[in-house]
Number of protein chains: 2
Amino acid sequence: MRAAVLRDGAIVVRDDVPEPEPGFGHVLVQVKACGICGSDLHFAKHGERMMALGEEMSGMPSLGTPKLDFGRDIFMGHEFAAEVLEVGPDTQSFAAGTIVTSIPILLSMTGIEPIVYSNGTVGGYAERMLLSAPMLLEVPNGLDPRHAALTEPMAVGLHAVNKSRIEPGEGALVLGCGPVGIAVIAALKQKGIEPIVTADYSPARRALATAMGAHEAVDPDAEPSFVAWARAGRGPLVVFEAIGVPGIIDGALRDAPAQSRIVVVGVCMEPDSITPFWAVSKELNLQFVLGYDPTEFAGSLRSIAEGEIDVTPIITGEVGIDGVAGAFDELGDPDRHCKILVVP
Amino acid sequence: MRAAVLRDGAIVVRDDVPEPEPGFGHVLVQVKACGICGSDLHFAKHGERMMALGEEMSGMPSLGTPKLDFGRDIFMGHEFAAEVLEVGPDTQSFAAGTIVTSIPILLSMTGIEPIVYSNGTVGGYAERMLLSAPMLLEVPNGLDPRHAALTEPMAVGLHAVNKSRIEPGEGALVLGCGPVGIAVIAALKQKGIEPIVTADYSPARRALATAMGAHEAVDPDAEPSFVAWARAGRGPLVVFEAIGVPGIIDGALRDAPAQSRIVVVGVCMEPDSITPFWAVSKELNLQFVLGYDPTEFAGSLRSIAEGEIDVTPIITGEVGIDGVAGAFDELGDPDRHCKILVVP
């Protein structure tokens with residue numbers, strides 16, 4: 001079958017990927033739509049460095065995940081909705097034809113394999129893939145699978161907002177209105193947070209931020225983000241850093257009001273310099289966040305299916321498997337795209 | 001009267017300081033004891049840089065505090081206990097002879113002046129000083145004023161522990177057993193936290209940590225701090241960074257278990273480099289803390305006066321006003337001293 005894979009830092013299309021065969025506990029699905037995540041672009045560029053940094057680090061539970069080999073093809077695609085084709089032997093699951101989505105995790109007898117970057121486990125940039133039966137969620141309400149594919153990135157925003165412990169009466173400043181910032185804005189809006197002040201250099205992203213519920217969307221060139229907050233904000237401030245490049249955290253430490261909380265959702269891959277004196281002087285809190293839990297994932301699907309969050313404006317493009325490489329390039333321009341879906 | 005002041009980065013003794021005169025709301029006191037704080041040593045060395053960094057920063061409420069002039073003498077000493085000599089006109093306060101302590105803040109008609117570093121307001125490295133009547137707390141139970149002088153530094157530890165929201169069932173790792181780390185250990189002990197694992201290169205400081213309630217005190221040269229935690233710790237971890245030099249925060253990000261909270265109590269004056277990837281991967285939380293609130297200050301005095309916290313082992317030296325300069329030098333050696341009191 002066909003799949004777009006990462007090979008030597010570039011996306012190439014293969015048509016010789018072995019057909020996945022569902023074993024016990026597995027479900028074979030036909031991918032209906034899979035979003036391209038900013039972290040995939042990051043990974044294509046910085047993957048080996050990420051792995052090296054990961055190996056230097058301790059304190060993570062071991063999940064038995066196989067080690068990645070960068071000399072071999074890497075499957076990607078973790079924001080998918082799919083149709084059930086075949087259920088593995090002795091396995092209970094949904095009937096063929098059901099539209100499903102799942103946390104991108106494949107259970108095996110040897111461990112937990114994230115369906116994110118893998119030499120062996122096929123992800124959503126492919127015609128078909130395996131999922132774990134206990135993880136499957138049925139896509140309800142006849143929701144378009146292309147919208148259901150947004151469950152995962154929107155769950156990232158929901159998780160960041162939950163981890164921030166923000167409550168009505170507090171305000172938010174979202175730095176960066178790419179897909180992560182947009183997911184944060186949607187979750188803040190749903191929680192009734194007001195005002196939601198956002199900042200991005202791109203006019204298209206600012207328009208999208210407003211469409212998704214931001215009360216202010218400022219161009220930092222015209223008005224620095226924290227000046228905009230001082231003008232339009234009220235209540236204790238929670239900052240969401242959704243840019244992920246060096247210097248953003250330190251700028252927030254310098255400019256945020258005393259006692260602010262700063263939630264770091266952007267993944268800065270480089271070492272970054274901070275000025276602890278500013279953070280100490282103002283007793284700031286930095287909460288770094290990643291991913292979501294199964295409840296948040298299910299909540300995200302429900303919000304989209306119930307129409308509480310309309311993801312339509314987020315989807316700015318659609319490509320086939322042949323178009324993945326081009327889409328990776330296009331996503332570099334923040335004014336053209338937010339989320340491109342791969343529809344195999 | 002006599003006072004030790006900071007002049008061109010060095011401590012000098014003056015005997016020509018004008019006698020402070022209590023105005024409305026003020027109380028003139030005789031200093032009985034004043035602790036030398038690590039931040040005073042820091043300030044003597046980095047004061048101008050601190051002020052410059054402070055001016056770059058926004059987000060702090062303006063308190064009308066006069067600007068410091070480094071070309072003039074600077075009064076210091078903010079950990080004091082004192083005896084009431086004279087109450088200002090039309091002012092209600094304690095009778096002469098009462099032993100008191102106070103949050104180091106002097107109220108005036110033009111603003112709030114911290115009694116920490118000032119060109120005009122005399123601090124505790126002097127024979128006499130002014131305090132604000134509404135801020136005074138009577139030292140109870142006939143408590144030795146030299147012990148009451150520890151109220152302020154112990155409140156710093158209590159505040160850090162409160163801000164951490166640590167609860168019994170969680171464990172603590174305290175990096176650095178100088179006066180700040182020791183105050184944290186005492187507050188953790190009082191809260192019933194177990195285990196309290198601590199790390200310091202100095203044998204004397206490790207012994208003091210154990211005396212103050214640490215369950216483990218390790219030499220990081222013999223066993224890295226987080227390895228010691230993995231061996232002796234249990235429950236979710238709260239790390240207290242009480243060292244304040246570059247690299248410590250990043251080491252904690254690298255080595256702390258996923259979901260740990262890191263409370264930064266040490267004030268690192270230099271820019272510091274961090275690896276956000278580690279913090280994001282493990283969803284770490286960094287809470288920067290400073291100072292205490294009036295309730296914590298009062299709670300700290302009560303704990304010392306009730307004998308719940310025995311500060312005796314912390315006090316390792318006593319000097320007169322003439323000895324302040326020498327004490328600043330001595331405090332550079334972590335194996336000789338924890339807290340030196342100035343007893344004018």
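Below, read A as the first sequence line, B as the second, and so on, with proteins coming before strands; counting in each chain starts at 1. All values below were derived from every heavy atom in this structure, side-chain atoms included, with hydrogens, water molecules and symmetry-related copies excluded. Just so you know, these numbers come straight off a predicted model, no measurement behind them.
- Only the side chain of B/His159 has a heavy atom closer than 4.5 Å to any heavy atom of chain A.
- Between B/Val280 and A/Val289, every side-chain heavy-atom pair lies at or beyond the 4.5 Å cut-off.
- With contacts defined as side-chain heavy-atom distances shorter than 4.5 Å, the pair B/Asn285/A/Asn285 qualifies.
- For B/Ala279, the parts lying under 4.5 angstrom from a heavy atom of chain A are both the backbone and the side chain.
- Using a 4.5 Å cut-off on side-chain heavy atoms (C-beta onward), A/Phe277 and B/Met269 make contact.
- Scanning both residues, B/Glu270 and A/Pro276, for their nearest heavy atoms gives O-CD, 3.6 Å.
- Under the 4.5 Å side-chain criterion, counting only non-hydrogen atoms from C-beta, A/Trp278 is in contact with B/Glu56.
- No other option in B/Ala258, B/Pro257, B/Pro271, B/Ser58 has as many heavy-atom pairs under 4.5 Å with chain A as B/Ser58.
- Put simply, the side chain of B/Gln287 does not reach to within 4.5 Å of the side chain of A/Arg261, judged on heavy atoms.
- No other option in A/Met50, A/Met60, A/Lys282 has as many heavy-atom pairs under 4.5 Å with chain B as A/Lys282.
- Only the side chain of B/Gln259 comes within contact range of chain A, with heavy atoms under 4.5 Å apart.
- Here the closest non-hydrogen pair linking A/Met57 and B/Ser281 is CE-CB, 3.7 Å.
- Of the listed residues (B/Val265, B/Leu284, B/Ile249), the greatest number of heavy-atom pairs within a distance under 4.5 Å of chain A belongs to B/Leu284.
- Separating the CG atom in A/Asp250 from the CD1 atom in B/Ile274 is a distance of 9.0 Å, to the nearest 0.5 Å.
- Interface remark: of the candidates B/Val264, B/Leu290, B/Val267, B/Leu290 forms the most heavy-atom pairs closer than 4.5 Å to chain A.
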